[in-house]
Each structure stands twice: as structure tokens, then as C-alpha cells.
Amino acid sequence: MSKQMSHLDDIPSTPGKFKMEKSPFVLNRLRWHSSLAKLTFWSFIFLGLILIFFFRSPSSNPLPQDPSRRSLRTYNWGGSAWEKRVRSSARVRSRNGISVLVTGAAGFVGTHVSAALKRRGDGVLGLDNFNDYYDPSLKRARQALLERSGVFIVEGDINDSALLRKLFEVVAFTHVMHLAAQAGVRYAMENPSSYVHSNIAGLVSLLEVCKSANPQPAIVWASSSSVYGLNTKVPFSERDRTDQPASLYAATKKAGEEIAHTYNHIYGLSLTGLRFFTVYGPWGRPDMAYFFFTRDILKGKSIPIFEAANHGTVARDFTYIDDIVKGCLAALDTAEKSTGSGGKKKGPAQLRVYNLGNTSPVPVSDLVSILERLLKVNAKRDIMKLPRNGDVQFTHANISLAQRELGYKPTTDLQTGLKKFVRWYLSYYSGGEKAAS
Ligand SMILES: O=C(O)[C@H]1O[C@H](OP(=O)(O)OP(=O)(O)OC[C@H]2O[C@@H](n3ccc(=O)[nH]c3=O)[C@H](O)[C@@H]2O)[C@H](O)[C@@H](O)[C@@H]1O
């Protein structure tokens with residue numbers, strides 16, 4: 001027993017006991033160990049604090065907090081099979097056909113324009129980042145639709161210059177139909193940086209690659225009726241002032257028009273901006289009022305209908321998708337060649353802006369009445385004051401310039417267009433479950 005105890009005594013149980021019994025050398029070594037432990041402990045605490053600070057800082061870790069970055073995820077592109085698909089999709093199959101890169105091809109307008117170009121034998125290659133601004137399954141369904149008609153959509157972001165350069169290396173596009181953008185007026189207050197990312201940085205990234213391409217393509221791109229902002233002179237003409245945007249969305253589209261001017265001026269890029277007026281129709285955008293009104297009326301949910309001060313009417317020049325597609329194709333067909341191929345501007349290039357509207361504004365409350373009749377369901381109307389979030393009270397396009405120069409002539413009224421939309425909506429969401437998303 002005592003032997004055991006002495007043996008146990010050799011093994012320090014507490015530092016106090018150890019101090020009493022061991023030599024000064026051992027004592028010092030132990031002190032040193034103890035301070036090392038303290039030092040290690042405090043270093044860890046310090047490092048931990050630095051890491052916490054680092055990860056909480058918005059500028060150093062934008063990924064989790066900044067939804068505009070969701071499109072910066074990496075995409076797989078490249079390889080010979082991929083290049084073959086790119087080439088085959090962009091191959092022109094009709095005499096005098098054009099070869100078009102359509103950005104935002106899985107979007108609402110992008111899908112319709114791509115399909116129409118393909119139908120007439122043009123070469124079409126799509127590009128889309130499939131972000132989740134709205135239900136990506138709708139974008140995938142549009143992609144499947146285009147795939148069936150032979151249009152390949154490359155998955156990637158317009159901010160990816162290496163990808164854009166690669167596409168121009170593989171195909172000598174004659175035209176670019178640039179429809180990729182962060183759309184929506186009200187969402188700009190929630191996620192301002194996604195507008196800057198797509199509508200400004202993305203546009204510049206695309207124009208930089210186009211300017212260096214040889215031959216340079218002609219570019220047609222989507223501006224917006226929202227650039228008229230607080231302008232009160234109606235109908236809106238291209239000559240009217242556009243320096244009072246009411247939303248950041250509008251400001252980025254207006255900035256796009258000025259950027260287009262610069263690239264036209266310096267590099268001889270042929271550029272045409274189309275100011276779309278509230279485009280609607282089958283395969284539309286679920287964030288737009290006519291779309292989610294339909295969904296919520298069917299669900300029996302109340303819908304917020306905006307009105308201006310003193311019960312003033314809020315109205316839009318709703319424009320049917322097929323009319324917009326005709327305008328886009330006419331803009332492509334009348335676009336002149338860029339003049340800066342080979343890196344040197346050889347003369348002035350075409351710079352155009354057109355309104356593509358319907359020329360007959362309809363109050364939002366009438367839109368709801370039409371939907372009620374088509375859906376055979378009464379809406380629960382929740383009339384509320386137009387919020388101060390970027391919406392303007394009305395839009396109304398003067399389209400005489402587009403009529404004269406593009407032969408643009410809209411033919412679908414809201415009643416007819418919504419009928420087609422509702423038919424599509426009911427068949428697309430016939431399972432019911434998709435409508436909830
Ligand atoms: O013309 C354009 O340039 C723009 O058209 C639409 O913008 P907006 O006209 O605001 O379209 P919706 O969001 O569908 O709104 C249509 C109308 O419904 C009204 N509204 C919207 C939402 C709501 O909850 N209640 C409501 O009454 C709006 O004030 C507006 O008058 C698109 O969303 C933009 O991307 C596009 O650029």
C-alpha cells in the first residue's frame with residue numbers, strides 16, 4: 001500500500017504538490033509550460049475574434065448576404081462536345097439568315113425571341129445564368145421548350161468575360177440580342193446591387209467583348225419604359241426627357257442607354273435600345289402583377305391594387321409578347337453593321353432607341369376585371385395607395401418612330417392577350433402544385 005502511494009506520489013496530481021516536491025529547474029519548466037498554455041489559449045481567443053469580425057464584415061464575405069452574387073457561382077462550360085452544341089445551335093439554316101447570341105434566353109422575352117428566330121432559320125445560341133429571382137423551374141421549362149426546337153442555352157453569366165470571349169471564338173455572331181437583366185421595378189429596393197451587377201456591370205462586360213470581336217456584332221438590347229420616370233408629358237416619345245428615374249431599376253436602364261452611347265461613339269458598335277412597355281403573355285414572369293394576380297385570384301387570396309392620390313387611376317400600356325417579338329426581330333433586321341471591327345472605328349455607327357408599347361393604357365383595376373371574367377372567379381380587391389417604391393402612375397407609348405423605322409404595329413389588345421395568357425397558365429399549372437411556388 002505504502003509502495004503504491006510513493007509510486008503515485010511521483011505522478012503530479014496538482015501543480016501545488018508538484019512545486020513543493022520538485023527542483024527549481026522543473027519548476028521553471030512548468031511555469032514556462034503554464035505560460036505557453038496561457039499564450040496558446042489567448043491566441044486562440046484572439047484568432048477567434050479576428051475570424052468572427054472577418055466573417056461578419058459585409059465587404060469581405062459578400063457571398064452569403066448578397067443575393068446578386070448568386071449568379072457568380074461557377075458554371076461548367078467548354079470542351080469539344082460543348083463547342084459542337086454551341087456551333088450547331090448557332091448555325092444559320094436559311095438564306096440571308098443571321099447568327100444571334102441571345103442573352104437571357106431562358107427569360108420571358110428571351111425564350112419567345114429565340115424561338116421566333118429559330119423558326120425562321122436564323123442561328124440562335126442562348127445564354128442564361130438561371131438565377132432564382134423567380135421560380136427557376138419555369139426557366140428550366142422554357143429551356144426544355146427551346147431545346148426541342150434546337151436552341152441550346154449555355155449556362156453562364158454575362159459578367160463572365162472569359163465565357164463570352166470563348167463564345168465569340170467559336171461563333172462569329174452577326175448579332176447580339178441582349179435581354180439578360182435584373183428586371184422588376186419594386187425589387188430594386190430590396191436588392192439594389194443585383195441591378196448594378198446585371199444591368200450595368202453585365203452590360204459593360206458584354207459590350208467590352210463585342211467591341212473586341214472581329215467582326216463586331218450589331219447589338220439590340222432591352223431598355224425599359226421606366227426610363228420616362230416622372231415625365232408627365234403623354235404619350236411618351238423618345239425625344240422626351242428621361243433624366244428623372246423613379247426607381248433604381250429605371251436608373252440602371254437609363255445608365256445602360258448612356259453606356260450604349262459611349263460604346264457606339266468610341267468603338268463603332270451598332271446599338272439599338274428597345275424601351276419595352278409592361279410586356280405580358282404566356283410563359284411570362286411570375287413577379288409581374290398580371291401573373292401573380294391570376295395566381296392569387298385562383299387561390300382566393302386578396303390582391304393589392306394600387307391607386308394614386310385622390311383615387312387617381314394607375315394605368316399601364318400593357319404590351320403583348322408577340323408584338324414585342326415582332327419589334328425585336330424588326331430591330332435586328334434593320335440593324336446596320338458595326339463599324340469598328342479590327343479594333344478601329346471606321347465611321348459613325350448606328351445608335352437607336354425605340355418605344356415598343358401598345359399605345360392604349362389600361363387601368364390596373366380593368367386588368368383585374370378582365371382576369372375575373374376569364375378565370376370566372378371574383379377577385380378580393382385590396383385597394384391601396386401607390387407605395388413609394390419606384391412605381392409610376394401611368395405609362396403610355398408613342399410608337400410612331402418604331403412604326404416608321406421598324407414597321408412595328410402592335411395588334412393584340414389586353415383582353416385578347418390575357419385570354420392567351422390564362423389559357424397557358426391553366427394548362428401549365430394544371431397540376432396546381434406548381435402555382436404555389
Ligand atoms: O414597362 C417596363 O419597362 C417595365 O414593366 C414592368 O413593370 P410594371 O409596369 O411595374 O409591371 P408590374 O409589376 O406587372 O405592374 C403592373 C401594374 O400593376 C400595379 N401593381 C403592381 C403590383 C401590385 O401588387 N399591385 C398593383 O396594382 C403597378 O403599379 C403597375 O401599374 C416590368 O416588371 C419591368 O421589368 C419593365 O421594365
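We count ligands from 1, going down the list as the structure has it; atoms in each ligand are counted the same way.
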Does ligand 1 have a heavy atom under 4.0 Å from the side chain of F276, from its backbone, from both, or from neither? backbone
Do T319 and N358 meet the criterion of a side-chain donor-acceptor pair at a distance under 3.5 Å? no
SB check K253 E257 (cutoff 4.0 Å): no
Contacting atoms of ligand 1, where contact means under 4.0 angstrom from a heavy atom of V314: 29 (O), 31 (O)
Near V364, which atoms of ligand 1 are under 4.0 Å from a heavy atom of that residue? 17 (C), 18 (O), 19 (C), 27 (O), 31 (O)
Sort out for me which residue in K211, E208, Q216 forms a side-chain hydrogen bond (donor to acceptor under 3.5 Å, both in side chains) with Y263. E208
State whether R275 and E238 are salt-bridged, where the test is any N-O pair (Lys NZ or Arg NE/NH1/NH2 against Asp/Glu carboxylate O) under 4.0 Å. no
I want to confirm something. Looking only at heavy atoms, which of V185, T278, D391 is nearest to atom 5 (O) of ligand 1? T278
Would F291 count as a contact residue for ligand 1, given that I'm defining contact as a non-hydrogen atom of the residue lying under 4.0 Å from a ligand atom? no
Atoms of ligand 1 under 4.0 Å from any heavy atom of F277, numbered from 1 in the order shown, are 1 (O)
Could you tell me whether ligand 1 has any atom less than 4.0 Å away from a heavy atom of R285? yes
Does F394 have a non-hydrogen atom less than 4.0 Å from ligand 1? no
If we number the atoms of ligand 1 from 1 as shown, the ones under 4.0 Å from a heavy atom of A183 are 35 (O)
Any ion pair linking E83 and K166 (charged N to carboxylate O, less than 4.0 Å)? yes
